[in-house]
Every structure is written in C-alpha cells, then in structure tokens.
Amino acid sequence: MGQRSSAEHRDLSALAPELSQSLLDWWEIHGRKDPALKPWMFTKDGRWPEPHEHLNVLECWIAEVMLQQTQLSVVLPYWQRWMKTFPSVEALASASLEQVRLQWQGLGYYSRARRIHEAARQLVQRPWPGDLDGWMALPGIGRTTAGGILSSALNAPAPILDGNVKRVLARLYAHERPLSRDQHVFWGWSETLLDRSRPRDFNQALMDLGATVCTPRRPDCAQCPWWESCAAYASGDPSNWPVVEERKPLPFQVIGIGVVINAAGEVLIDQRLEEGLLGGMWEFPGGKQESGEAIEACIAREFMEELGILISVEKELITVEHAYSHKKLRFVVHLCSLISGEPQPIASQQVRWVRLDQLKDYPFPAANARMIEALLQR
DNA sequence: TACTCGTGGTC
DNA sequence: TGACCAAGAGT
C-alpha cells in the first residue's frame, strides 16, 4: 500500500448537505438523547436545547475533559459527584489541588485533573474564551475538546475529531492509513461535513453513529444512514477499516513495594513527582526489581535509595498485576518495619506517616487502592 | 511524527 | 482471557 494523497479520496463536499440531513434524521430516532446518559447536554428542565439555547459551559467543559479517552458510562458518576463538589468555577479554583485529585481518583490520566484546576484558576482572573483558539490556549483543552465545548454549549460551528468520528470517516472515505496519521485530512473531512446550521446536533449525531452503529467490530451497516455513500461498505467488508496499527507488545516489569508500619500503627506513603506516570498521586514506596535481585532486596534497596532509610522486609501482603497504556507491571507488596533513619523525599514530592483511617483522604492510583484494601482487611 | 499518559468495559 | 479501545492532549 503506497502513499496516498487526500486528492485520491472522493470529494464529498457537494454531498455534505444530503449526508447531514440523513444523519440528523437517523439521530432524531436512534441518537443517545437521554438526560440520564449525558445530563450536561440538556436544559435545566430536561429538554434537548433548541439551536438558539445555550448550555452550562462549565458543565460541558468538565464533561468533555473527563470524556477524553474515557467511556461515557465510566464518566457519568464522576461528573455527577464533581458538579456537586465544584458547582462553580470559583469553587473549583479555590479548592486545593489535593481535593481536585481526590475527585478524579480512579479516572486515570491524572494530568487532566491538574490541568482543569489550573484552567479554573486562570478563568476566575479574566473573561472566558469566546472562540476556538481561546479555549485551546487553556491547559488540557485541545482542538476536539474545544470544538466539543463550543458546539455543545453554544451550538457554535466547530468540528470535532474523536475516536468515534475518526472511525466513521476512515470508513466513509476508505482511508488507507492508520488513524494516528493524517490528522489534517480527518479534520478537513470533519469540517467539510459539519452542518453549519446545527453543529451541536450534527457533532452529537456523528459520535452517536460511531458509538452505536459504526462500531469497531461488526458495524451494523443495515442501520447506517450513510451506507450508500460509504466507500468501506462498497468494498464489501467495512470491518477492514480503519486500517490496523502495528502494535508492540507491552514491556513487563516487577515492582517491589514496601508497606512500612511504625510503632504508632502509621504507614509510610509518598507523593509522586508531578511529571510522568501518575504524577502527583500518592503511593506506597518501591521500585523496579533488577535482574537477579530478590524482591526483598529490591524493596530494601529502593527504600535506602529513595527515602534514605533502613528497613526490614517481612511477609508478603499481596501481589497486584496492573496494565497501563504502555507497560504491564506486577507489584509484589511486602509488610516492612523501620530499622533506622528518617524518611526523606529524595525521589518524591513529600513523604508522610499516616494512620490507616487517613488513607482515604489521599488520592491513590487504582493499583494502590487494591493494596490499601488488602491492608485494611488484614 | 511518535511517544507518553490510566482505567474499566467488552468480546 | 488477553487484546482492543474509549468524546485526546502535551511534548
């Protein structure tokens, strides 16, 4: 398969009005228009908004960020709780980053929480953005999120390009390269097809189509309003699109973790650096096992290197397997005792002794939450 | 461009 | 049951 230029794709711009109409007709009947599913998309009296009506921009912004790489059903309870805790941008801006992280705990991609907090602190100091570039200048908001906010809340004519839309477009045009490539081409298609008179409804319809009909596996083309125009359908097997990326196997590592308990019954935790994996989250200290190294030796070494203390490593508490986006880890967790030294934040932001009943006040990543559960049930 | 950055649903 | 993949952004 050689290089293809966008000029080799069909030009659907002349057909855009017709495609938009058939998509919106489908959406009126089959779209995910349920206030229990995405409440930020509805008016306060529970109606789908008319074209001239605006929605709560804060609610849409928070939802759009939470929905980055995260499924609708997962986001909903987080969004509900978040809007009760931080009902205004002032409430959000005046909250501590720690409080914000606690609300985000379990959602993943934790830099999103830090960036929302930073954006809120900017927004209470100056007027809110009025256009795409203004929104994109805020931390954590890229073109899709900005377009989502503007089209959802204000019905402004801004295109979007999320995973659903990319898949639909890749099939519609039978694009011959993986979704990670040719971003400008996909953006051009999304903008070409966008219904300028109903951008809110159109964008929602396009995403709903991808999520419910033009699905990754076994697309239900019999229900698709665009089947007659779809190049992938015409090819005979639409599931051949999008073209699959070649994927590398996840690297695997064993991590030794120590739960040090002192005479007062307190446990030692540390806050990770802001940069990198799980930035700013709290954890039980530990680190990578080196080749040929016993796990007990690994844990003792990590505590000496990263906290400057000597510990004795005792019995195992739990082993947790956890897959991140780009690596797979096995955490082997041992109970430990302090022999000598005062813990120092050598490789972390801070270290702290806390009682077991205080652990719930600290944001922990999912793998650590399982360790805490084992510790509390011990 | 290519890589990092989480977690849970789904088959 | 491991692999794929979600309303992507930042660097």
Side-chain angles (χ1 to χ4, degrees), chain A residues 31-32 37-38 40-41 60-79 101 104-116 118-119 135-153 158-168 177-184 186-187 190 200 202-212 214-218 239 242 244-252 272-281 283 320-329 363-370:
Chain A
R32 296 183 294 183
L37 230 53
K38 30 186 175 183
W40 52 88
M41 288 302 304
C60 289
W61 163 36
I62 300 302
E64 291 290 343
V65 175
M66 285 186 172
L67 285 163
Q68 291 167 4
Q69 295 286 280
T70 311
Q71 291 185 359
L72 188 56
S73 60
V74 174
V75 162
L76 185 58
Y78 280 88
W79 182 88
R101 284 200 178 105
W104 202 271
Q105 181 176 26
L107 255 188
Y109 289 134
Y110 294 99
S111 64
R112 293 184 292 175
R114 185 178 68 245
R115 290 177 176 135
I116 281 182
E118 172 56 28
W135 278 102
M136 289 177 67
L138 287 167
I141 299 179
R143 188 171 177 188
T144 283
T145 300
I149 294 168
L150 285 169
S151 63
S152 293
I160 57 171
L161 190 58
D162 72 331
N164 288 313
V165 175
K166 276 203 273 191
R167 183 174 56 257
V168 170
R177 304 214 299 169
L179 297 182
S180 63
R181 312 290 291 277
D182 309 316
Q183 292 300 291
H184 64 288
F186 282 95
W187 275 111
S190 183
R200 172 192 287 141
F202 179 87
N203 283 343
Q204 291 293 314
L206 198 48
M207 285 189 287
D208 286 357
L209 183 70
T212 65
C214 195
T215 49
R217 278 175 286 192
R218 300 168 55 87
S239 64
V244 292
E245 305 255 16
E246 53 180 293
R247 202 173 296 259
K248 298 169 186 171
L250 299 183
F252 177 82
R272 296 175 63 90
L273 301 174
E274 288 299 325
E275 300 305 312
L277 186 68
L278 306 169
M281 299 296 280
E283 65 177 4
V320 175
E321 305 260 358
H322 196 83
Y324 298 99
S325 299
H326 284 82
K327 62 176 113 177
K328 186 173 179 180
L329 302 182
F364 286 90
N368 275 261
R370 295 185 55 190

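Below, read A as the first sequence line, B as the second, and so on, with proteins coming before strands; counting in each chain starts at 1.
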key: Atom pair distance, as rounded to whole Å: CG in A:D182 and P in B:dA2   = 10 Å
message = Strictly under 4.0 angstrom, non-hydrogen atoms only: write out the protein contact profile of nucleotides 5-11 of chain B, one letter per nucleotide from the 5' end, B, S or -.
response = BBBBS--
inquiry  = Among C:dG10, C:dA6, B:dT1, which nucleotide has an atom closest to any side-chain atom of A:R115?
reply    = C:dG10
query = Using the P atom in both, what is the distance from C:dA9 to B:dG8, to the nearest Å?
reply = 22 Å
request  = Measure the distance from CD on A:E246 to P on B:dC3 and round it to the nearest whole Å.
outcome  = 10 Å
inquiry  = Of the options C:dA7, C:dA6, C:dG8, whose atoms approach the side-chain atoms of A:P216 most closely?
reply    = C:dA6
request  = Can you tell me, in whole Å, how much space there is between the C1' of C:dT1 and that of C:dC5?
outcome  = 16 Å
inquiry  = Has A:E245 got a side-chain atom pairing as donor or acceptor with A:P178's backbone, closer than 3.5 angstrom?
reply    = no
query = Can you name the residues that form a salt bridge (Lys or Arg N to Asp or Glu O under 4.0 Å) with A:R272, not counting sequence neighbours?
reply = A:E283
inquiry  = Rounded to whole Å, please give me the gap between CG in A:L161 and P in C:dA6.
reply    = 12 Å
task = Measure from NZ on A:K166 to C1' on C:dG8 and round the result to the nearest Å.
result = 8 Å
note = Per nearest nucleotide of DNA chain C, the residue lying toward the 5' end, A:L67 or A:P139, is A:L67
key: Atom-to-atom span, CG of A:L179 to C1' of C:dG8 - whole angstrom   = 13 Å
Would you be so kind as to tabulate the donor-acceptor pairs closer than 3.5 Å made by side chains of residues 137-145 of chain A, with sequence neighbours excluded?
| unit_1 | atom_1 | unit_2 | atom_2 | d |
| --- | --- | --- | --- | --- |
| A:T144 | OG1 | A:L161 | N | 3.2 |
| A:T144 | OG1 | A:L161 | O | 3.0 |
| A:T145 | OG1 | A:Q68 | NE2 | 2.9 |

query = Side-chain N or O of A:K248 less than 4.0 angstrom from OP1 or OP2 on B:dC3?
reply = yes
message = So that I can tick it off, tell me whether A:E321 and A:K327 are bridged by a salt bridge, with the cut-off set at under 4.0 angstrom between side-chain N and carboxylate O.
response = no
request  = Can you tell me the distance, in whole Å, between the CH2 atom of A:W40 and the P atom of C:dA7?
outcome  = 11 Å
ask   = Taking atom P of C:dA7 as reference, at what distance in whole Å does atom CD1 of A:I141 sit?
value = 19 Å
remark   = Between CD of A:E245 and C1' of B:dT1 the distance, given in whole Å, is 12 Å
task = Find out whether A:P216 and A:R167 are in side-chain contact, i.e. whether some heavy atom of one side chain is under 4.5 Å from a heavy atom of the other.
result = yes
key: Pairwise side-chain contact, A:M281 with A:F364, heavy-atom cut-off 4.5 Å (strictly under)   = no
ask   = Looking only at atom P, what distance separates B:dC11 and C:dA7, rounded to whole Å?
value = 14 Å
key: Salt-bridge criterion met for A:D208 and A:K38 (N-O under 4.0 Å)   = yes
inquiry  = Over all strands shown, is A:G148 touching base, sugar-phosphate only, or nothing at heavy-atom distances under 4.0 angstrom?
reply    = nothing
message = If you assign each of A:R167 and A:T145 to its closest nucleotide in DNA chain C, which residue comes earlier from the 5' end?
response = A:R167
